[in-house]
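Inspection log for the structure reproduced underneath, given as C-alpha cells.
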Amino acid sequence: MRESTATPRIAQLKLDLGTEKPAVVGFDGDDITGNTGILLAAQIEKLTGLLLDASARLKDHRTQSMIKHSQFEEVAQRVYQILAGFAAGSDSDFLRNDPAVKMAVGRNPLTGKALASQPTQSRLENGRTYRELYELSKWLVEYYIQCHPKAPKKLYLDFDGSAIETFGVQLNAFYRGGPYQKNMYFPLFVFDQNGWLLVAALRPGDQGEVELALPVLKRLVKRLREAWPRTQIIVRADGAYTSNALYEWMDENEVKYVLGIKHNNALLAKTRKLRRDTEKKFKRKLSEPQYVGKQWKKRKNAKNKEIRSIKDPKERAKKLAAEQARRVRLYGEFLYAARSWDQERRVIARCDYTDEGLKVRYVVTNIRGTLAPTVYEDIYCKRAVCELSIKNLKETGCTRMSCSQFKANMFRLLLHAMAYILAHQVRLKLGRPRMSIGELQRKLINVAAQVRETRTEVIVRISRAYQAAKDFRLVSKRLGATSLLAG
C-alpha cells in the first residue's frame with residue numbers, strides 16, 4: 001500500500017473521561033475522507049468538461065516556470081470544496097490533502113502532491129478581468145446547450161434577483177432600504193423551468209430588479225435561437241420587472257412573457273366589477289369572512305390553535321383542509337397601457353376572496369389564445385421553482401461575498417454557480433431535481449470512506465452501514481461506472 005504524503009502523524013493522546021477505561025486517541029489510522037461524493041461530480045466533469053472549459057477561458061498571468069497547480073486544478077478544487085459545503089477560501093488549507101478532492105482534481109489521493117492553499121486560491125480570485133468573467137458567463141450558456149442536445153419545444157426563462165448581505169467595505173456593496181435594510185449585493189439569476197442555472201450576474205446593491213435584465217435577455221435569446229431556432233422562449237418574472245423597454249423588445253422579437261405588475265389606481269378601476277363579484281360570490285357561498293376588522297389576527301390565531309389542538313390527525317387534517325377551502329377565485333382580463341408603455345397589452349387579474357378579505361394579483365402577457373386561468377396557474381405560478389432554486393443556490397454558500405474587489409466577488413459567484421450546476425446534474429441523475437443542496441450534501445457528498453492506493457489502483461471503501469448506498473450506486477451507474485463482481 002502506498003503511504004500518504006500528508007503531514008506526519010502526531011503522537012497519541014490519553015483522555016480521562018471518567019469511564020471505566022481511559023480513551024486513547026491516535027493519529028496513525030488509515031487514510032480517510034469525509035467527502036467521497038465529490039467523485040460523483042468529478043464523473044460529471046469528466047463527461048462534460050464544465051470546469052475544464054471554464055478554466056480555459058481564464059488567462060494565466062503567472063510565471064510558467066513557477067507554477068505548481070494548473071488553473072483547472074485550482075478552479076476544480078475550489079468548486080468541489082464548495083460542493084462539499086466548504087465555501088471559504090481558507091478551507092483550502094485543510095482540504096488540500098483530502099483524498100477525495102485530490103482524486104476529483106486528477107491527482108493520486110495519497111501519493112499525489114497537495115493541492116492549492118488559501119493564498120493561491122485568493123490570487124486566482126483577485127487576478128480576474130471583466131473580460132474573463134464575461135467569457136465565463138457565456139460558457140454557462142454554452143454548457144447548458146451542450147448538455148441538452150435535443151432542442152426543447154418550449155423553454156421558460158425565470159428571471160429573479162436576490163439580496164446577498166455584506167459585512168465589510170466591499171466595492172459596490174451599497175446600503176438598500178425598503179424590505180432589505182442592509183448593505184448588500186443584488187445578483188441577477190436566470191433559471192430554466194427545471195431549475196438549471198444559466199445566468200449568475202453580480203450587481204451593485206443599489207441596482208433595481210430590472211437593471212441588467214434586458215442586456216442579459218438579448219444575449220441569451222440570441223445564443224439560444226442560434227442553437228434552437230424553433231424553440232419557443234417564454235420569460236417569467238415578478239412585478240419588479242415592469243419595464244416598457246423589456247416589453248417592447250420581447251414583442252418585437254417574438255419572445256413570449258408572463259410578468260407580474262404592481263397594482264395601481266387604474267388597475268383597481270379596471271377590476272372594480274370583478275372584485276365586487278368575487279366578494280358577492282364568497283358571501284353567497286360561504287357567508288361573511290371570519291378574519292376582517294380590528295381583531296382579525298387574534299381570531300385567526302385562535303382558530304389555528306383550535307385546529308392544531310385536535311388530537312386525531314385525520315380530523316385535524318380534515319378541519320385544516322376545510323379552513324383552507326374557504327376561498328373564491330375569479331379571473332378577469334383587459335387591455336391596459338401605463339403612461340410609459342408604447343401600446344396596450346393584455347393584463348390578467350386574479351382575484352381571490354378569503355376569510356382575510358380580498359387579494360388581487362396582476363400579470364401582463366403577450367400570449368394570445370390561452371385562457372386566463374391557464375396563463376396564470378400553469379405558466380406564471382410555476383415560476384415558484386425559481387425561488388426554490390435560488391434558495392438551493394444559497395445553500396452552496398454563495399452569500400460569502402467577502403472579497404474587497406467587485407471582480408473577485410463576481411468570480412466567486414460564478415464558482416458557486418458551477419458548483420450548483422454540478423449538484424443539479426447529480427440530482428437529475430438521481431431523479432430528484434427538487435432535492436435541496438443541503439440534503440444532497442448530507443446523503444451523497446459528505447460520505448466517509450477509507451482510501452488505499454496500490455501500484456495499480458485506488459481502493460475507496462465506504463461503510464456497509466451507509467444508508468444511501470443504493471442512490472450512490474445508481475448515480476454512478478448512470479454516469480458510466482461499471483459493475484464489478486464481489487470478491
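- The environment of CZ in R461 is sparse: at most 12 heavy-atom neighbours from other residues, nucleotides or ligands sit within 6.0 Å.
- Checked by atom type and distance alone, the side chain of Q77 never pairs as donor or acceptor with a backbone atom of R96 at under 3.5 Å.
- No side-chain donor-acceptor contact under 3.5 Å links Y143 and D53.
- The shortest non-hydrogen separation linking I437 to N392 is CG1-O, 3.2 Å.
- Looking at E135, its side chain never comes within 3.5 Å of a backbone N or O of R57 through a donor-acceptor pair.
- Nearest heavy-atom pair across I421 and L197 is CD1-O, 3.7 Å.
- No side-chain heavy atom of Y156 sits less than 4.5 Å from a side-chain heavy atom of V385.
- A donor-acceptor pair is defined here as one N or O able to donate and one able to accept, closer than 3.5 Å; such a pair exists between the side chain of Q71 and the backbone of L58.
- Checked by atom type, the side-chain pair E165/Y185 shows no donor-acceptor distance below 3.5 Å.
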Let me see the working for E226 and R223 under salt bridge (Lys or Arg N to Asp or Glu O under 4.0 Å), right down to the final yes or no.
CA-CA 5 Å; E226 287 174 356; R223 182 64 192 99; 3.5 Å; yes
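- Side chains of Q450 and D30: a donor-acceptor N/O pair is present below 3.5 angstrom, by distance only.
- Side chains of F186 and E209 form a contact here, defined as non-hydrogen atoms less than 4.5 Å apart.
- Looking at K102, its side chain does come within 3.5 Å of a backbone N or O of G112 through a donor-acceptor pair.
- Residues T33 and D98 have side chains that bring a donor and an acceptor to within less than 3.5 angstrom of each other.
- Looking only at atom types and distance, the side chain of T129 has no donor-acceptor partner in the side chain of K59 under 3.5 Å away.
- A distance-only check finds a donor-acceptor pair linking the side chain of R203 to the backbone of E211 [under 3.5 Å].
- Between Y380 and R361, the side chains place a donor N or O and an acceptor N or O closer than 3.5 Å (distance only, hydrogens not considered).
- In this structure, the side chains of L220 and Y144 stay at 4.5 Å or more apart for every pair of heavy atoms.
- Annotation: salt bridge (Lys or Arg N to Asp or Glu O under 4.0 Å) contacts involving residues 73-86, sequence neighbours excluded, comprise R62-E74, E73-R107, R78-E125.
- Although no hydrogens or angles enter the test, the distance criterion places no donor-acceptor pair under 3.5 Å between the side chain of D158 and the main chain of E387.
- Between the side chain of R176 and the backbone N or O of Q207, at least one donor-acceptor pair lies under 3.5 Å.
- For D251, the salt bridge (charged side-chain N to carboxylate O under 4.0 Å, His left out) partners at least two apart in sequence or on another chain are R345.
- Between the side chain of R236 and the main chain of I379, a donor-acceptor pair closer than 3.5 Å is present.
- Evaluation of the side chain to side chain contact (heavy atoms under 4.5 Å, CB included) rule for E252 yields E248 as partners, not counting sequence neighbours.
- Formation of a donor-acceptor pair under 3.5 Å by the Q232 side chain with backbone atoms of R230 is not found in this model.
- For the residue pair T120 and H69, the shortest heavy atom distance occurs at CG2-CD2, 4.3 Å.
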I'd like a table of donor-acceptor pairs (distance under 3.5 Å, sequence neighbours excluded) in which one partner is a side-chain atom from residues 398-406, with atom names and distances.
| residue | atom | partner | partner atom | Å |
| --- | --- | --- | --- | --- |
| S402 | OG | R412 | NH1 | 3.0 |

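- The shortest heavy-atom contact between A100 and L39 is O-CD2, 3.8 Å.
- Note: F191 and F189 have tilted aromatic rings, judged against thresholds of 30 and 60 degrees for the angle between ring planes.
- For the pair R225 and N253, the minimum side-chain heavy-atom distance is below 4.5 Å.
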Does the pair F86 and F94 meet the rule for a ring-ring contact (aromatic ring centres under 6.0 Å, His included), with working shown?
CA-CA 10 Å; F86 301 95; F94 71 88; 5.6 Å; yes
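- Here the closest heavy-atom approach between residue L413 and residue P187 is recorded as CD2-CB, 3.9 Å.
- For the pair L259/Y247, a side-chain contact is recorded, criterion being any heavy-atom separation below 4.5 Å from C-beta on.
- Annotation: side chain to side chain contact (heavy atoms under 4.5 Å, CB included) contacts of V347 (sequence neighbours excluded): I261, L267, F334, Y336, Y362, V364.
- Annotation for A173 and T166: closest pair CB-OG1, 3.4 Å, computed over non-hydrogen atoms.
- Taking the side chain to side chain contact (heavy atoms under 4.5 Å, CB included) definition, one finds that Y466 meets it with L444, V447, I462, A468, A469, F472, sequence neighbours left out.
- Contact check for L422 versus L51: side-chain heavy atoms found under the 4.5 Å cut-off.
- A donor-acceptor distance shorter than 3.5 angstrom exists from the side chain of R427 to the backbone of M435, with no hydrogens or angles considered.
- Between Q81 and S92, the side chains place a donor N or O and an acceptor N or O closer than 3.5 Å (distance only, hydrogens not considered).
- The existence of a salt bridge linking R432 and D471 is excluded, since no basic side-chain nitrogen approaches an acidic carboxylate oxygen closer than 4.0 Å.
- At a threshold of 4.5 Å between non-hydrogen side-chain atoms, the residues Y420 and H416 do not count as touching.
- Under the 4.5 Å side-chain criterion, counting only non-hydrogen atoms from C-beta, D60 is in contact with I67.
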